[in-house]
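Worksheet: one structure, shown below.
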Amino acid sequence: MEFEDLRAKVLEVADSAIKYAKDSGVPSAEAFVFNQKINNVSDNNGKIDSRLGMVQGLGIRVAVGKQVGFASCTGFELESIKQAINQAHSVAKVSLANPMFNGFVADTKTAKEGFLDPEILNLNPEELTNYLDKINQEINRDDKRIISTSIGVRIRWGGYAVGTTEGCLSSSLTTAFTAFCSSVVAETGERKTGDDFVVGRKIIDLDGIGRNAVKKAMDGLGAKKFEGTEILSSVWETRPVSSFLGVALGFLFSGSSYVEKSNPWGEKLNQQVAVEDFNAIDDGQNPEYIRTASIDTEGTPRGKTVTIEKGILKSFLFDRMYGKAADKATTGNANRGFGGPAFESTPVIMPNTIIIKNIGKNIDEQIAEIDKGILIRSEPIGLFTANQATGDFSVTCNHGFLIERGEIVYPLKSFGLAGNYFKTFNDIQQIGSDREITGDMLQSPSITFKNHTISG
Amino acid sequence: MENEYIYDLLHKAVKEGENKGADFIEARFDDLQLTTINMTNDILKQSSSMHRKGIGVMAYYQGTPGYSFTPELNTKAVKEATYNAVGLAKSTDSRNKMKLSFERTKGIKDKVKPLIKKHPKDFEFNDKLELIKRGIAAIKENANVTSTTGVYGELYGEKFFVNSDDTEIYWVPVLVDMRMMAVIMREGQQAMSVEGFGASKGLEFFEEKETTPEKVGGNSGKYCKEQLDAVASPTGKTKTLVSPQMGGVVVHESFGHLSEADFVITGQSPIADRLGGELGSEHVTIIDEGISPYGGLYFPYDDQGVKTGRSVLVEKGILRGYLHNRGTAHKMNAETTGNARAINFMFNPICRMKNTYFEKGDLTHEEAVEKVKNGVYAIDMSGGQVQMDGNFMFNCNRGYLIENGEITKPIKNTALSGNILDLLKHVQGATKKVTLKTGYFGGCGKGDQFPLPVGFGGPEVIMDQVLIGGAK
């Protein structure tokens, strides 16, 4: 299989779907065609599971004026596609008008494609198990504290095409490689977990993944209770702070919540929302990032949007419909596929890859400046429970450490960490210099925040 | 799709797989139709119809599994999927240190479907839109709201299953669901409520007294409005009466996953070696079953063709069992429990829950409130997170204070957290009445297979030492 064969396949299906729609008297339609090969192999403490197959399907939006219907089907069998088009058409005819709807993409403009790794296309299941072995070899099985490990390698390759009755016929391809390891360790009744993973568009060197996962878990052993409640600085490693900020900014950058007047930053455009050192860009064009594509999932070229510059909110993220409703251009942020295959959902606004700019000190230097504080080494639980209106959040940290006089002194048992998202962007004490390319939707260097309430 | 054609394709998969050297083959065909309608602020935001149709083949070679699938319903594609599955099983077998083979059994021939009076496929789009409109009208009649959202979801279809035991099973999944959401924003304050749930029933579900659109929408408006006057919840470890909804989610997310046998045999679960041991108080009995007299999800056979029954996970505080697929049951010398489930044909079955709940107690609602005396009545939640060590955190979006044995004021959104293995020791009783629910919206998300409908609920349960509010 070659990349151009893949591209030809999705374009051909999109084109024939649109031709059928036109022949059937559909006034306006958009076909989203998705074709992705998956191959997963995992080793759960010696138990091997594997899955191989092609996820294929089509999602079709039909518009009758401003009345829109959507249907999807799995596979590319003509009868299934025809049924989906007819279903979307019949729903559109009886649907209510959406006054914001402004039609489908009418041209074939594209942006840059992300990096495609031809080696991923040729990996077979046996070769994937060799990667499992590589991760496994880093784990010292003689250490009786290791209760279990879970290791996996996944590859994806494929692409999608968007065709419209208005004239769009564009496609984008991707390759992806993921590897992960999680471990459970126990000592004298205390149980800790640790994990590490990599995600990229090409085959990645797996050195350190097994070792890091076990080390993270081991480092948590011997945890002591945090006594009392104190307002302290917290230093967050890159991964947990990326999750922390991703939850908040995924919503705060949303152009749909801005239009619908439910975005707490809705009145803050061109105002200071964060410290001056805080800069955020949504980048759908870096060839290394996993979500980079030549078009978004409604056929608009993906782009690069400055969202926060020197702490000032510069832009929200839009798709075609919400961009028009806000009197702005689309930023190429129409995405699909949350909780299922991409072809089963209509486009929603989501970030491509939000990049927080590196600024100052590495994490060790940040820790060295803390008299008393907390180090957060993994994603707390409860990030999604933040109150979106007030910004109040209260999470539980199961992998934190006490910092005293610039040094990590011991791991802590589960503790609560509370604050307010809106305030916390202005309470950033240090932004680190250590951001790396990962597969995360938001990629941040380590960050130190002031004024988080810590309670044991 | 003609049944004979499908059975023929599935039998071909079994035969081809065995000819290629597999010890055992399971082949299944899922044909599922899903519909979602979302009306937000009187705009029809989504009207989607999804059709998932395809064949999945699981091959076992010396106890090592391999899974492949195809959306194409022809002999060539099914053969290719079968060869892929067998190829995966064989090529990974030498590395597999935990082989989960199982004994062949006598094949089953069965066709089952739930009793549906008003099947959603027999009704028009506008009939369903009308249900949403009635619900939204009821919200507005009960509160002066800033925004409203009404969502309707339905899932129905057919499932065919064939395996090397010569089993042939056909069954009909179905469920309908409707939720009503209201938001009030006033003077910097935001109040929000979500009401509604689903059932393995037809549209007759929305004619039942407690689940008419008027009732669901009316409650949503009422509960949203009362949030404006909500008081801060107490913080710290608090005696809490959890509703069937809240208790159901807690027992599913925090305990149920720990009892899934794939996590148990790999040592990932902290209750892996505690069978027969005391986990909770005498008031804790936890059940998982496929078809329950209390309602919930209709789930007669799992995706390995095992008839589902009633599994007692915890009995009066003692751990009695785990949730198995055929391989883990054989490995652990246990009975099969029918817990191998896959969200659709693109995924292999994994150990997952069916209808999971605390068994009933002997209290009335009034006695339970009286027993709490001073604490919190936690009714509904939105979002949460759990970890494999039993730690959990859920956002309680509807709750009340209990003061001097009476339910008094509504409380603001708050977090409920703790560790389930600690918490089970502090269960102090449950009510006599059990209610089970299911849902199209949300569901279980294990192994990237989200959202799989499950049944949840139970009685109201008194739990002491629940950490309310987290850090403040």
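Heavy atoms of N391(B) lying under 4.5 Å from chain A belong to its backbone as well as its side chain. The contact between M39(B) and chain A is made entirely by side chain atoms (from C-beta outward), counting heavy-atom distances below 4.5 Å. Residue N420(A) does not touch chain B at all, counting heavy-atom pairs closer than 4.5 Å. With a 4.5 angstrom heavy-atom cutoff, L129(B) touches chain A only via side-chain atoms. Only the side chain of S414(A) comes within contact range of chain B, judged by heavy atoms closer than 4.5 Å. Looking at Q387(B), only its side chain comes within 4.5 Å of chain A, counting heavy atoms on both sides. Only the backbone of F392(B) comes within contact range of chain A, with heavy atoms under 4.5 Å apart. With a 4.5 Å cut-off on non-hydrogen atoms, T328(B) does not touch chain A at all. Residue P264(A): no heavy atom, backbone or side chain, is found under 4.5 Å from chain B. For a residue to count as touching a neighbouring chain, one of its non-hydrogen atoms must lie under 4.5 Å from one of that chain's; by this rule S90(A) does not touch chain B. For L100(B), the part lying near chain A is the side chain, with the backbone staying farther off; criterion is any non-hydrogen pair under 4.5 Å. Interface residue F450(B): backbone and side-chain heavy atoms are both found under 4.5 Å from chain A. Using a 4.5 Å cut-off between heavy atoms, I38(A) contacts chain B through its side chain alone, with no backbone atom that close. Within the 4.5 angstrom heavy-atom criterion, no atom of K412(B) approaches chain A.
A distance of 8.5 Å separates CG in N96(B) from NZ in K47(A), rounded to the nearest 0.5 Å. Note: M54(A) CE to E80(B) CD = 8.5 Å, rounded to the nearest 0.5 Å. Once rounded to the nearest 0.5 Å, the distance linking CG of N44(A) with CD1 of I265(B) reads 9.0 Å. Here CG of L88(B) is found 9.5 Å from CG of L128(A). Values are rounded to the nearest 0.5 Å. Of the inter-residue distances, the one linking L421(B) atom CG with R191(A) atom CZ reads 9.5 Å to the nearest 0.5 angstrom. Of the inter-residue distances, the one linking N38(B) atom CG with T346(A) atom OG1 reads 9.0 Å to the nearest 0.5 angstrom.
Under the 3.5 Å distance criterion, with hydrogens and angles disregarded, no donor-acceptor pair is assigned to the side chains of N84(B) and R51(A). Judged purely by distance below 3.5 Å, without hydrogens or angles, the side chains of T74(A) and R52(B) never pair a donor atom with an acceptor atom.
The candidate from R61(A), H452(A), E260(A), Q83(A) with the greatest count of non-hydrogen atom pairs under 4.5 Å with chain B is E260(A). Chosen from M388(B), K45(B), Q46(B), the residue pairing most often with chain A at heavy-atom distances under 4.5 Å is K45(B). When each of S147(B), S68(B), G66(B) is scored by its heavy-atom pairs under 4.5 Å with chain A, the top score falls to S68(B). The greatest number of non-hydrogen atom pairs below 4.5 Å with chain B, out of S50(A), A71(A), S148(A), G75(A), is found for S50(A). Of all the listed residues (N398(A), L383(A), N124(A), L132(A)), the one sharing the greatest number of non-hydrogen pairs under 4.5 Å with chain B is N398(A). Considering only heavy-atom pairs separated by less than 4.5 Å from chain A, the leading option among P451(B), A81(B), P270(B), G54(B) is P270(B). Of the listed residues (K97(B), M50(B), E72(B), M185(B)), the greatest number of heavy-atom pairs within a distance under 4.5 Å of chain A belongs to M50(B).
Using a 4.5 Å cut-off on side-chain heavy atoms (C-beta onward), V183(B) and S262(A) make no contact. In this structure, T396(A) and L467(B) have side chains that are not in contact, with every pair of non-hydrogen atoms separated by 4.5 Å or more. Put simply, the side chain of S80(A) reaches to within 4.5 Å of the side chain of K53(B), judged on heavy atoms. Side chains of V55(A) and F69(B) form a contact here, defined as non-hydrogen atoms less than 4.5 Å apart. A heavy-atom distance below 4.5 Å is not found between the side chains of E344(A) and S48(B).
Remark: side-chain polar atoms of T266(B) are not paired, donor with acceptor, to backbone N or O of N45(A) under 3.5 angstrom. Side chain of S47(B) to main chain of V68(A): a donor-acceptor pair is present (N/O by atom type, distance under 3.5 Å, no hydrogens or angles).
Under the ring-ring contact (aromatic ring centres under 6.0 Å, His included) criterion, the residue pairs touching residues 33-68 of chain B are Y60(B)-F102(B), with sequence neighbours excluded.
The two residues P71(B) and Q56(A) have their closest heavy-atom pair at CG-OE1, 3.6 Å.
Using a 4.0 Å cut-off between a side-chain N of Lys or Arg and a carboxylate O of Asp or Glu, R95(B) and D133(A) qualify as a salt bridge. Electrostatic pairing of R154(A) and D448(B) counts as a salt bridge here, judged by a charged N lying under 4.0 Å from a carboxylate O. Salt-bridge annotation for E126(A) and K90(B): absent, with no side-chain N of the basic residue lying under 4.0 Å from a carboxylate O of the acidic one.
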Run N74(B) and E77(A) through side-chain contact (heavy atoms from CB on, under 4.5 Å) and show every step you take. CA-CA 10 Å; N74(B) 59 64; E77(A) 287 179 338; 4.0 Å; yes

